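Working notes for the structure below.
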Amino acid sequence: GTIADLSKLEILTRVGEADYPRIHKGQKVTIKLESDRKRSTTGVVSFVAVAAKKETGSEIGQFEVRVGIDSVIVGLVPGVNVTASFVVLEKKDVLTLPYLFATPSPDGGFTVLRPKGSNVPASYIVKRPDADGDIAKKRPGGPKRDGKIDKRLDKAKDERRKAMKALGFIKQRVSLGETDFTNYEVTDGLKEGDTVITLLGGDDSKKPGH
């Protein structure tokens with residue numbers, strides 16, 4: 001038989017090489033049952049291995065991590081599967097922007113689309129040279145494509161530019177900080193209550209979405 005002290009349960013898991021530097025003892029962890037994601041509890045990292053282990057046939061190392069459970073919930077018993085989410089960064093009272101609403105720019109920054117009439121300082125506005133609806137000139141070189149495909153792509157891009165001009169969207173620079181790949185931390189360029197827009201359906205989308 002097996003005797004278990006349910007007041008001292010711990011989770012045994014492993015993290016990959018990329019995440020290992022961000023895991024440390026005392027770190028907060030959110031724990032959810034695989035069988036019922038609505039049931040959750042919390043825990044604290046109690047042990048982090050200092051050497052990696054590699055599975056047979058794998059070149060990527062995995063580090064053993066143990067998490068002490070703060071409180072036992074119904075269904076959380078020895079042997080069940082759970083999901084452990086490690087809190088690697090925690091900030092309070094910050095403005096966030098949905099991840100998909102931000103567009104990376106060539107200079108390493110980000111831009112967002114704002115509705116027509118938004119109060120955007122001139123220094124934050126990004127001028128679009130193709131906003132007049134003209135199809136941009138093709139760059140020389142590059143792989144050859146089917147002519148029909150090129151025409152369809154050019155038509156879709158032209159329709160998108162014309163729609164953007166008609167709707168009067170404003171392209172604006174923003175400064176973003178940390179991200180959990182669901183939201184970005186906004187450090188400059190937006191304030192609480194501002195409206196941003198994203199286009200659904202890719203480059204050939206004709207309908208804007210919020």
Side-chain angles (χ1 to χ4, degrees), residues 11 13-34 37-48 60-63 65-71 82-131 160 164 167-203 205 207-210:
I11 294 172
T13 186
R14 292 183 179 181
V15 299
E17 296 175 7
D19 295 321
Y20 176 71
R22 308 178 76 178
I23 307 300
H24 56 82
K25 289 183 65 175
Q27 189 170 12
K28 295 180 181 179
V29 181
T30 300
I31 303 160
K32 294 184 178 181
L33 291 172
E34 282 285 349
R37 294 297 183 91
K38 294 181 179 179
R39 297 182 184 177
S40 65
T41 185
T42 58
V44 176
V45 175
S46 58
F47 170 81
V48 181
I60 300 176
Q62 299 284 325
F63 293 84
V65 177
R66 296 180 185 178
V67 179
I69 299 173
D70 293 335
S71 60
V82 299
T83 298
S85 300
F86 296 85
V87 181
V88 297
L89 178 67
E90 187 173 19
K91 291 188 176 183
K92 296 182 179 181
D93 299 323
V94 296
L95 181 64
T96 60
L97 174 74
Y99 186 81
L100 295 178
F101 281 65
T103 302
S105 54
D107 61 2
F110 293 89
T111 61
V112 294
L113 290 179
R114 301 288 305 280
K116 182 179 181 180
S118 297
N119 184 17
V120 181
S123 59
Y124 287 80
I125 296 176
V126 178
K127 294 182 179 180
R128 294 190 299 272
D130 57 351
R160 184 175 187 273
M164 293 281 285
L167 293 170
F169 292 160
I170 302 171
K171 191 173 184 180
Q172 176 194 332
R173 295 186 181 89
V174 291
S175 297
L176 304 178
E178 300 288 344
T179 180
D180 58 359
F181 301 102
T182 299
N183 294 288
Y184 276 106
E185 173 194 7
V186 179
T187 57
D188 187 42
L190 294 173
K191 63 181 183 299
E192 187 175 356
D194 283 345
T195 300
V196 295
I197 293 173
T198 184
L199 299 180
L200 302 178
D203 285 346
S205 175
K207 296 181 180 180
H210 296 277

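Small disclaimer: the values here were computed from a predicted structure and weren't measured.
Put simply, CG on L100 and CG on N183 are 9.5 Å apart, with the number rounded to the nearest 0.5 Å. The OG atom of S175 lies 12.5 Å from the OH atom of Y184; values are rounded to the nearest 0.5 Å. Taking CG of D180 as the reference point, atom OG of S85 lies at 11.0 Å (rounded to 0.5 Å). Atom CD1 of I69 and atom CD1 of I31 lie 5.0 Å apart (nearest 0.5 Å).
Counting heavy atoms from C-beta outward, K116 and I170 have side chains that stay 4.5 Å or more apart. Residues Q172 and V196 fail the side-chain proximity criterion, which asks for heavy atoms closer than 4.5 Å. Here the side chains of T111 and V174 are not in contact, with every heavy-atom distance at 4.5 Å or above. Taking 4.5 Å as the limit, some side-chain heavy atom of K171 sits within range of a side-chain heavy atom of L113.
Ion pairing between a basic and an acidic side chain is recognised when a charged N comes within 4.0 Å of a carboxylate O; R22 and D19 show no such pairing. Salt bridge annotation for K91-E178: absent, with no cationic side-chain nitrogen under 4.0 angstrom from a carboxylate oxygen.
The two residues R173 and V126 come nearest to each other via the heavy atoms CG-CG2, 3.4 Å. Nearest heavy-atom pair across S105 and F110 is OG-N, 3.6 Å. Listed here is the closest heavy atom pair of S40 and K32: CB-CG, 3.7 Å. Between S46 and G68, the shortest heavy-atom contact is OG-N, 3.9 Å. Nearest heavy-atom pair, T187 versus L176, reported as atom, atom and distance to 0.1 Å: OG1-N, 3.8 Å. Scanning all heavy atoms of the two residues, the minimum distance from T83 to E34 falls at OG1-OE2, 2.7 Å.
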Query - Test side chain to side chain contact (heavy atoms under 4.5 Å, CB included) applied to Q27 and V88, step by step - result: CA-CA 8 Å; Q27 189 170 12; V88 297; 3.6 Å; yes
Requested in this report: Output, in order, the C-alpha distance, side-chain angles, deciding distance and verdict of side chain to side chain contact (heavy atoms under 4.5 Å, CB included) for R114 and D194.
Outcome: CA-CA 8 Å; R114 301 288 305 280; D194 283 345; 3.6 Å; yes
**Report entry** CA sep, side-chain torsions, deciding dist, call: S71, T41, side chain to side chain donor-acceptor pair (under 3.5 Å)
**Finding:** CA-CA 7 Å; S71 60; T41 185; 3.0 Å; yes
Query raised in the report: Can F86 and V29 be said to form a side chain to side chain contact (heavy atoms under 4.5 Å, CB included), step by step?
Result: CA-CA 5 Å; F86 296 85; V29 181; 3.6 Å; yes
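Note on ring orientation: taking the six-membered ring where Trp is involved, the planes of Y20 and F63 are parallel (angle under 30°, cut-offs 30° and 60°).
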